[in-house]
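Notes to accompany the following structure.
Just so it is clear, the values below take in all heavy atoms, side chains as well, and ignore hydrogens, waters and symmetry mates.
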Amino acid sequence: MNIDQTKIPQATAKRLPLYYRFLKNLHSSGKQRVSSAELSDAVKVDSATIRRDFSYFGALGKKGYGYNVNYLLSFFRKTLDQDETTKVCLIGVGNLGTAFLHYNFTKNNNTVISLAFDVAQDKVGTEIGGVPVFHLDDLEKQLPDDVTVAILTVPAAVAQSITDRLVAKGIKGILNFTPARINVPDEIRIHHIDLAVELQSLVYFLKHYPNDEK
């Protein structure tokens with residue numbers, strides 16, 4: 001089946017990894033089929049949205065039968081390029097960066113942090129979680145061409161200058177954990193994750209919308 005990925009809504013695309021993770025768990029437990037209601041309860045997305053998401057990919061299930069777990073798992077593995085490993089670099093080996101290196105996406109084995117950069121002398125030249133740490137000054141020399149994604153966990157004041165260097169080196173996607181709203185060319189994909197803002201938002205909704213449906 002040939003699918004034009006550019007026609008898939010971004011909101012749908014962001015939910016695909018959630019579906020894939022749950023399907024992997026179902027497959028591991030030996031379950032052969034699953035209904036949209038079961039999927040809805042597991043991933044906390046309403047059934048209508050799941051059916052609409054799946055409709056972009058053609059007839060994935062049958063009414064009254066549900067979805068074949070093995071078929072869905074195989075389909076989404078190909079759709080999400082799970083058979084191809086994506087190498088990632090980490091910039092900034094502070095507390096958050098160190099946690100990333102130890103975790104290293106162990107539950108998502110198609111993504112791996114292959115190297116990291118920092119300026120602290122007690123970290124440069126070491127390995128953390130099996131990942132080598134290089135000096136940030138050597139980024140242009142040490143960053144391989146096959147690494148196209150970067151995680152940014154550095155002070156906000158240096159985020160833009162480091163981003164400029166990453167873009168010049170060929171990085172195509174950046175996961176930004178700094179509070180800085182960095183600028184990138186249109187062809188570069190950047191996702192901003194500000195933990196402080198997310199926490200403030202959570203507290204706000206707890207206070208003002210305690211009984212709101214999620």
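Here N70 pairs with H27 under the side-chain hydrogen bond (donor to acceptor under 3.5 Å, both in side chains) rule; sequence neighbours left out. Remark: T12 pairs with D53 by the side-chain hydrogen bond (donor to acceptor under 3.5 Å, both in side chains) rule, at least two apart or across chains. Not counting sequence neighbours, F22 has no partner by the ring-ring contact (aromatic ring centres under 6.0 Å, His included) test. Partners of R189 according to the salt bridge (Lys or Arg N to Asp or Glu O under 4.0 Å) rule, which considers only residues two or more places apart in sequence or in another chain, do not exist here. Legend: residues meeting ring-ring contact (aromatic ring centres under 6.0 Å, His included) with H191, ordered by chain and number and at least two apart, are absent. Contacts of D146 classified as salt bridge (Lys or Arg N to Asp or Glu O under 4.0 Å), with partners at least two apart in sequence or in another chain: K87. For T178, the side-chain hydrogen bond (donor to acceptor under 3.5 Å, both in side chains) criterion is met by N176, not counting sequence neighbours. In this view, R181 satisfies the salt bridge (Lys or Arg N to Asp or Glu O under 4.0 Å) rule with no residue, not counting sequence neighbours.
Look at K31 and E38 and you find a salt bridge, because one of the NZ, NE, NH1 or NH2 atoms lies within 4.0 Å of a carboxylate O, short of that distance.
When side chains are defined from C-beta on, S40 does not count as touching V45, because their heavy atoms never get closer than 4.5 Å.
No donor-acceptor distance shorter than 3.5 angstrom exists from the side chain of N104 to the backbone of V112, with no hydrogens or angles considered. Remark: side-chain polar atoms of D118 are paired, donor with acceptor, to backbone N or O of V93 under 3.5 angstrom.
Screening residues 193-206 for side chain to side chain donor-acceptor pair (under 3.5 Å) gives no qualifying pairs among residues at least two apart or on separate chains. Sequence neighbours left out, the pairs with a member in residues 166-190 that pass ring pair (Phe, Tyr, Trp, His ring centres under 6.0 Å) are F100-F177. Within the structure, salt bridge (Lys or Arg N to Asp or Glu O under 4.0 Å) contacts touching residues 89-104 (residues at least two apart or in different chains) do not occur.
Summarising the hydrophobic clusters (Ile, Leu, Val, Met, Phe, Trp, Tyr; side-chain heavy atoms under 4.5 Å, direct or chained), the residues clustered with L166 are I91, L115, F117, V119, F134, L136, L139, L143, V147, L152, V154, V158, I162, V167, I171, I174, I182, V184, I188, I190.
Between the side chains of N95 and T98, no donor N or O sits under 3.5 Å from an acceptor N or O.
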